[in-house]
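Below you'll find the structure, written out as structure tokens, and then a few comments.
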Amino acid sequence: MTSTSRSYHVRAVLTTGGLWQGSVDELPEVSTTHRSLSQLETRLHRKISETCTEPIELVVEISTGDTEFDAQLARARNLRIQADDLARQAREAAQPLAKRLTGLGVSQRDAGRLLAVSGSLVSALISDK
């Protein structure tokens, strides 16, 4: 039996004092403030759990209060996600090549040079199953 979680929408807004003010759309009486976003989420999760018996999931919308800055932050996050995905793809592409190169007797350092990665990464790539 799989239990489904109930989603709650949280708005976290940065205040002028550097604190995060969090409120829950579905439960207007539930709100809290904290200096840390993760602690804010933990506190809100705990408060919601006190009134809810089913598993819960928080969907957090974060705002600094400056829409242009928020857009820049979103762009930076998206670029980071894309970079991580490209790094994963590069590693997947390099792994069989590193194994083939070292299988031909090429040193890990030279294989790394050919693949534009470090020799230690080549070592990790060829030891991965």
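Starting from 1, each residue takes its place in the sequence as its number.
With contacts defined as side-chain heavy-atom distances shorter than 4.5 Å, the pair Trp20/Thr15 does not qualify. Side-chain contact between His45 and Ile56: present, with at least one pair of heavy atoms (C-beta onward) separated by less than 4.5 Å. Proximity of Leu58 to Ile48: side-chain heavy atoms (C-beta onward) are separated by under 4.5 Å at one or more points.
Residues Gly65 and Ser63 share a closest heavy-atom pair of N-OG, 3.0 Å. The shortest non-hydrogen separation linking Ala12 to Leu37 is CB-CD2, 3.9 Å.
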Under the side-chain contact (heavy atoms from CB on, under 4.5 Å) rule, what do Gln95 and Lys99 come out as? Steps first, then yes or no, please. CA-CA 6 Å; Gln95 185 173 29; Lys99 287 181 178 183; 3.9 Å; yes
May I have the step-by-step check of side-chain contact (heavy atoms from CB on, under 4.5 Å) for Leu40 and Thr32, ending in yes or no? CA-CA 7 Å; Leu40 178 77; Thr32 192; 3.4 Å; yes
I would like to know whether Leu121 and Gln108 meet side-chain contact (heavy atoms from CB on, under 4.5 Å); could you show each step before the answer? CA-CA 9 Å; Leu121 181 55; Gln108 291 179 10; over 6 Å; no
Yes or no on side-chain contact (heavy atoms from CB on, under 4.5 Å) for Leu125 and Arg91, after CA distance, side-chain angles and deciding distance? CA-CA 8 Å; Leu125 290 172; Arg91 184 180 172 107; 3.4 Å; yes
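A salt bridge (charged side-chain N to carboxylate O under 4.0 Å, His left out) check over residues 13-28, counting only residues at least two apart or in different chains, returns the pairs Arg11-Asp25. Pairs engaging residues 39-55 under the salt bridge (charged side-chain N to carboxylate O under 4.0 Å, His left out) rule: none recorded [sequence neighbours left out]. Within the structure, salt bridge (charged side-chain N to carboxylate O under 4.0 Å, His left out) contacts touching residues 100-113 (residues at least two apart or in different chains) do not occur.
Val13 is not connected to Leu19 by any chain of hydrophobic side-chain contacts under 4.5 Å among Ile, Leu, Val, Met, Phe, Trp and Tyr, and they are in different clusters. Under a hydrophobic clustering in which Ile, Leu, Val, Met, Phe, Trp and Tyr are joined whenever their side-chain heavy atoms come within less than 4.5 Å, directly or via other members, Ile62 and Leu14 fall into the same cluster.
With rounding to the nearest 0.5 Å, the separation of OG in Ser23 from NE2 in His9 is 12.5 Å.
Under the 3.5 Å distance criterion, with hydrogens and angles disregarded, a donor-acceptor pair is assigned to the side chains of Gln89 and Asp85. Side-chain contact, Gln21 with Thr33: a donor N or O sits under 3.5 Å from an acceptor N or O.
When the side chain to side chain donor-acceptor pair (under 3.5 Å) test is applied to Glu92, the partners found at least two apart in sequence or on another chain are Arg88. In this structure, the salt bridge (Lys or Arg N to Asp or Glu O under 4.0 Å) partners of Arg80, at least two apart in sequence or on a different chain, are Asp84. Ser38 pairs by the side chain to side chain donor-acceptor pair (under 3.5 Å) definition with Ser36, not counting sequence neighbours.
Side chain of Asp70 to backbone of Thr64: a donor-acceptor contact under 3.5 angstrom is found. Distance alone, capped at 3.5 Å, places no donor-acceptor pair between the Thr102 side chain and the Val106 backbone.
Counting non-hydrogen atoms of neighbouring residues, nucleotides and ligands closer than 6.0 angstrom, the CD atom of Glu68 reaches no more than 12 such neighbours.
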